[in-house]
> 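My structure is below; once you've seen it, I'll send some questions.
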Amino acid sequence: MSARGRLQLPLLFGGRAKEKRACFFSLHPKNKAGKFSAYAPKAMTYFATKYGLPIVERPEDLAGFDLVLFSLHCFRDFYLVADIASHKRPGQEWLAGGNACATPASLGWIMDYVFVGDCRESFPRILAGEREMSGMYDPRFPDRPIFYVDEKLSTERINPALIEMQKGCPRRCIFCIHPWRHRTQHAPQEEVEEFIRTFPKRRLGLMANSTSDVPYYDEISALLAAQNKQNMTVSFAMQSFTEEMAKERGGADMLFGAEGASERLRWIVNKPIARAELREKVDLCLRERGQIRLIYQFNFPGEEPADFDEFEEDVAYWRARHTKGQLALTFIPNQPNAHTPLQWITPRYSLDTQARLTALRTSLIGSGKTGLGAFIPTPLGPQRWMAQVIAEWIPITPAVTAAVRRLEKMPKMELPGMVAALDSLGVTLPPAFLKRDRDTVFPWANVTTTGDQANKWREFERMQRKLASDRYLGVPAATTEAA
């Protein structure tokens, strides 16, 4: 182990200090080598490399370490932690951080500490043994206020091919975690340009939640083209995407978050993309690059069958206009995430919508043989979705993990049935899970996030007014303008 991976523990009565051995544990060893993948554990590899920490992949090898660090990407990781909990030895300290840790109470049964927020500046202090920090959750004091750490953006390389160009997001979609946890920040343009010019290979990464909303991205796009280099981590906002960007982008696919299946749904969740604009930008990408990937969500508040009528009409429209190319349409079941305005929404999973998506998916198989190839990956099913949703609400212990896996083997069911099934398996969800209002005390109530707009309840009320609006009642969506 590198000397940097050994921490010094002071002795009270003199003598030589004991070395505290630290490591990371990898929950996803197969993904660790990915440079640009969203599933690659970038933070873990960054910190392990910088501070000389080993990455352990077998739980039976943890016994030799005093401090075990975890980088948790998503709520599915909570169940993987439960699987290895029996390998925690007496006196060993477990500490977690990462994107999924904004609801730390779910991990307090096994973690000694959970760091909430950005950790680049705090990590050396953690290695030095400091634990009294504003972003550090201590399960011994579960109600103590925690403040999500939103650090200043740094262009230090996350890995040799990747830097961060943007944090946060100026668009404030009410379902997305980013604008409600981080201030919108952009890296200095000259530092991004220097990275592009000096990077020796073609494929590089400029991390951003909304690439085309970076105010200088037109210049970056032009520089990439001039240098014959390609940004592999793009996520464009459709509203700010230009023809120049489409022409200068390399051969990889283009990723857009359309989110709502209809213009009405997009307006409700503050993703105001008019139907005409959606069609126009997809046409542009198919014409210039021949491929595009759109991300949608289902189970949004106020969702109706008519919203998916509009989506199916859009797919038919693109297939009629384009005789070749690839159109990928990914559907994700919405999860009302903590610390967003949707946290007051009772979650839902529509089996009818899932069946409709499955039928459309089947009908599009082989479509590329006769024209534009459209593809819908299999959407996440209700039981696996439920596993993610409850991970914000209750401790994910081995007993809960076992119950959830039994639930996954049962016939498909909607939310009330899954709640009842879990209850029969010994897992009872709190009453607020199904009934929420302004006075609800969430399990994450002691964690404060701000971002660009701290008043999440105000945005929730705004959404409620939209749901009650007759703005789209009886009006063909193609003739309306988005707000």
Side-chain angles (χ1 to χ4, degrees), residues 34-43 46 71 73-74 98-102 116-120 148-159 161-189 191-192 195 204-218 220-221 224 231-242 245 249 252-260 266 269-273 281 292-297 330 332 334-335 337-342 449-454 456 459:
K35 293 180 181 178
F36 309 115
S37 168
Y39 302 102
K42 302 179 187 72
Y46 164 80
S71 181
H73 291 234
C74 64
N99 195 51
C101 290
V116 181
D118 301 334
C119 198
R120 194 191 300 253
Y148 188 98
V149 178
D150 180 19
E151 293 178 346
K152 181 180 179 181
L153 185 149
S154 169
T155 53
E156 180 183 1
R157 296 190 186 190
I158 298 167
N159 65 43
L162 186 68
I163 65 170
E164 193 168 26
M165 182 172 61
Q166 180 203 56
K167 278 179 61 179
C169 180
R171 298 208 171 261
R172 300 180 189 174
C173 304
I174 62 175
F175 55 84
C176 180
I177 63 173
H178 296 292
W180 311 99
R181 298 185 186 180
H182 295 106
R183 298 160 291 151
T184 301
Q185 301 180 61
H186 302 104
Q189 180 176 346
E191 294 183 21
V192 178
F195 170 68
L204 52 83
L206 307 173
M207 284 181 60
N209 292 316
S210 180
T211 305
S212 52
D213 282 327
V214 174
Y216 51 78
Y217 196 73
D218 277 340
I220 295 299
S221 184
L224 288 167
N231 179 11
M232 300 300 297
T233 58
V234 293
S235 177
F236 290 115
M238 195 164 288
Q239 303 96 308
S240 54
F241 186 74
T242 65
M245 291 178 187
R249 179 78 170 94
D253 64 346
M254 298 183 180
L255 173 68
F256 293 89
E259 311 301 350
R266 293 189 289 272
V269 298
N270 204 32
K271 184 85 171 184
I273 304 172
K281 295 299 174 67
I292 184 172
R293 185 153 55 107
L294 300 179
I295 307 298
Y296 288 88
Q297 296 190 49
T330 298
I332 301 169
N334 174 255
Q335 178 176 337
N337 281 309
H339 307 296
T340 73
L342 285 192
T449 68
T450 54
D452 287 324
Q453 169 58 268
K456 303 174 181 70
E459 294 302 313

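Nothing here was measured: the structure is a model prediction, and the numbers come from that model.
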> Quick one: does any side-chain atom of Arg183 pair with a main-chain N or O of Asp150 as donor and acceptor, under 3.5 Å?
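The answer is yes, because a donor-acceptor pair under 3.5 Å joins these two groups.
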> Ala258: what forms a side chain to side chain contact (heavy atoms under 4.5 Å, CB included) with it, not counting sequence neighbours?
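If we apply the side chain to side chain contact (heavy atoms under 4.5 Å, CB included) test to Ala258, skipping adjacent residues, the hits are Leu278, Tyr296.
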> How many angstroms lie between CD1 in Ile158 and CD1 in Ile163, if you round to the nearest 0.5 Å?
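Spacing of CD1 (Ile158) from CD1 (Ile163) equals 8.5 Å.
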> Could you check whether any side-chain heavy atom of Met165 comes within less than 4.5 Å of a side-chain heavy atom of Tyr216, counting everything from C-beta outward?
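They are in side-chain contact.
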> Could you tell me which non-hydrogen atom of Ile273 sits nearest to which non-hydrogen atom of Gly257, and how far apart they are?
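Nearest pair, atom of Ile273 first, then Gly257: CD1-O, 4.1 Å.
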> For residues Val214 and Ile220, determine if any side-chain heavy atom of one lies less than 4.5 Å from a side-chain heavy atom of the other.
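Not touching, per the 4.5 Å side-chain cut-off.
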> Please check: side-chain N/O of His186 versus main-chain N/O of Pro215, any donor-acceptor pairing under 3.5 Å?
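Such a contact is absent between His186 side chain and Pro215 backbone.
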> Starting at CG of Leu342, measure out to SG of Cys176 and round the result to the nearest 0.5 Å.
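Atom-to-atom, Leu342:CG and Cys176:SG are 10.5 Å apart.
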> Kindly give the heavy-atom pair with the smallest separation between Glu164 and Lys167, and that separation in Å.
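Of all heavy-atom pairs spanning Glu164 and Lys167, the closest is OE2-CG, 2.9 Å.
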> Quick one: does any side-chain atom of Trp180 pair with a main-chain N or O of Cys173 as donor and acceptor, under 3.5 Å?
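Present.
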> Could you work out, with side chain to side chain contact (heavy atoms under 4.5 Å, CB included) as the rule, every residue matching Val269, not counting sequence neighbours?
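Scan of Val269 (side chain to side chain contact (heavy atoms under 4.5 Å, CB included), adjacent residues dropped) gives Ile174, Phe175, Lys271, Phe300.
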> For the atom pair CG (Asp218) and OG1 (Thr242), what is the distance rounded to the nearest 0.5 Å?
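Asp218 CG to Thr242 OG1: 5.0 Å, rounded to 0.5 Å.
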> Just by modelled atom types, is the Glu151 backbone N or O under 3.5 Å from a matching donor or acceptor in the Gln185 side chain?
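It does hold such a pair.
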> Hey, what do you get for OH (Tyr46) to CG (Leu162), rounding to the nearest 0.5 Å?
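It comes to 12.0 Å.
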> Which residue is it: Arg181, His182, Lys456? I am looking for the one with a side-chain hydrogen bond (donor to acceptor under 3.5 Å, both in side chains) to Thr449.
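Among Arg181, His182, Lys456, the one that satisfies the side-chain hydrogen bond (donor to acceptor under 3.5 Å, both in side chains) with Thr449 is Lys456.
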> Answer yes or no: is there a donor N or O on one side and an acceptor on the other, between the side chain of Asn270 and the main chain of Arg172, under 3.5 Å?
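Yes; at least one donor-acceptor contact below 3.5 Å.
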> How about Tyr217 and Leu224: do any of their side-chain heavy atoms sit closer than 4.5 Å?
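With C-beta onward as the side chain, the pair touches.
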> Is Thr233 reaching over with its side chain to a backbone N or O of Leu206, donor-acceptor style, under 3.5 angstrom?
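Between the backbone of Leu206 and the side chain of Thr233 there is a qualifying donor-acceptor contact (under 3.5 Å).
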> Once rounded to the nearest 0.5 Å, what's the spacing between atom CZ of Phe241 and atom OG of Ser210?
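Going from CZ on Phe241 over to OG on Ser210, the span is 12.0 Å.
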> According to salt bridge (charged side-chain N to carboxylate O under 4.0 Å, His left out), who are the partners of Glu156, at least two apart in sequence or on a separate chain?
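Partners of Glu156 by the salt bridge (charged side-chain N to carboxylate O under 4.0 Å, His left out) criterion, ordered by chain and then number, come out as Lys50, Arg120.
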> Counting C-beta onward and ignoring hydrogens, is there a side-chain heavy-atom pair between Asn209 and Gln166 closer than 4.5 Å?
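SC-SC contact between Asn209 and Gln166 confirmed.
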> Applying salt bridge (charged side-chain N to carboxylate O under 4.0 Å, His left out), name anything that partners Asp213, two or more places apart in sequence or on another chain.
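Scan of Asp213 (salt bridge (charged side-chain N to carboxylate O under 4.0 Å, His left out), adjacent residues dropped) gives Arg171.
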> Do you know the tightest heavy-atom contact between Cys101 and Val116?
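Cys101 and Val116 have their closest heavy atoms at O-CG2, 3.4 Å.
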> Verify, without hydrogens or angle tests, whether Ser212 (side chain) and Ala237 (backbone) share a donor-acceptor contact under 3.5 angstrom.
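Answer holds: yes.
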> Listed by chain and number, what are the salt bridge (charged side-chain N to carboxylate O under 4.0 Å, His left out) partners of Lys281, not counting sequence neighbours?
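For Lys281, the residues satisfying salt bridge (charged side-chain N to carboxylate O under 4.0 Å, His left out) (neighbours in sequence not counted) are Glu277.
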> If I take atom CE from residue Met254 and atom CG from residue Leu294, how far apart are they, to the nearest 0.5 angstrom?
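Reported to 0.5 Å precision, the distance equals 12.0 Å.
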> Do the side chain of Thr330 and the main chain of Ile295 share a donor and acceptor less than 3.5 angstrom apart?
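No; judged by distance alone, with no hydrogens or angles, the pair does not exist.
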> Not counting sequence neighbours, which residues clear ring pair (Phe, Tyr, Trp, His ring centres under 6.0 Å) with Phe195? List them please.
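Once residues adjacent in sequence are excluded, the partners of Phe195 under the ring pair (Phe, Tyr, Trp, His ring centres under 6.0 Å) criterion are Phe199.
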